[in-house]
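A short write-up of the structure that comes next.
We count ligands from 1, going down the list as the structure has it; atoms in each ligand are counted the same way. All values below come from the heavy atoms of this structure, side chains included, with hydrogens, waters and symmetry mates left out.
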Amino acid sequence: METHDFIARYAGVYEHSPWVAERVAALATEVDNRERLAVLMADCVDNASTERQLALIRAHPDLAGRAQVAGELTAESTLEQASAGLDQCSPEEFERFQSLNTAYWEKFGFPFVMAVRGSDRAEILDTFAARLQNDYDLEFETALIEIHKIARLRLDAMGANE
Ligand code: GUN
């Protein structure tokens, strides 16, 4: 695949972070195995500087946040949030998400990231409240693990459309 086609195709696997696809493109554009591609992309993130990793985490919108309400999410995030019913919150659930989002940002300085596909709103809220009790290093590490899960799901969804 041509480098620019490769980058265009995989730029959205990591939210608002085309640099991951760009770096992998410099290594290999002939990766036809999704598993291998997922590993290369994940390695790229894991070997990036802490600043880049933090920027990647911060590139994620809040769950059930104002960007969702305003229709400003990426196509991928829109689907992920809708798959967990986050576009159907009751007013109480919506308020709960806003207060957790604020508390989480205040404590950690980045948004709560969770691969939400397959979970419902109650499970997500429980996990959110539990993770809010963690320390910074654990949440930073957990956010990256969740981001890799999201990337894997995005790659799998692309494969299904081939
Ligand atoms: N989990 C799956 N997609 C997203 C997203 O766009 N934002 C956050 N915070 N978590 C996610």
Using a strict threshold of under 4.0 Å (side-chain N to carboxylate O), is an ion pair present between Lys107 and Glu139? no

Would you call Glu51 and Arg58 a salt bridge, taking side-chain N to carboxylate O under 4.0 Å as the test? no

When you measure from the side chain of Gln53 to the backbone N and O of Val45, does any donor-acceptor pair fall under 3.5 Å? yes

State whether the side chain of Glu93 and the backbone N or O of Ser90 hold a donor-acceptor pair below 3.5 Å, judged by distance alone. yes

Under 3.5 Å, N or O to N or O, is [X] touching ligand 1 that way?
X      : answer
Val113 : no
Arg154 : no
Pro61  : yes
Asp62  : no
Met114 : yes

Closest non-hydrogen protein atom to [atom], residue and atom name please, with distance?
atom                    : result
atom 5 (C) of ligand 1  : Ser77 OG, 3.5 Å
atom 2 (C) of ligand 1  : Glu80 OE1, 3.2 Å
atom 10 (N) of ligand 1 : Leu63 CD2, 3.4 Å

Do the rings of Phe140 and Phe110 sit parallel, tilted or perpendicular, given the 30° and 60° boundaries? perpendicular

When you compare the side chain of Leu100 with that of Arg96, does any pair of heavy atoms fall below 4.5 Å? yes

In sequence, state the C-alpha distance, the side-chain angles, and the governing distance for Lys149 and Ile145, and then conclude on side-chain contact (heavy atoms from CB on, under 4.5 Å). CA-CA 6 Å; Lys149 284 189 209 163; Ile145 290 169; 4.2 Å; yes

Numbered atoms and elements of ligand 1 in range of Phe112, under 4.0 angstrom, heavy atoms: 8 (C), 9 (N)

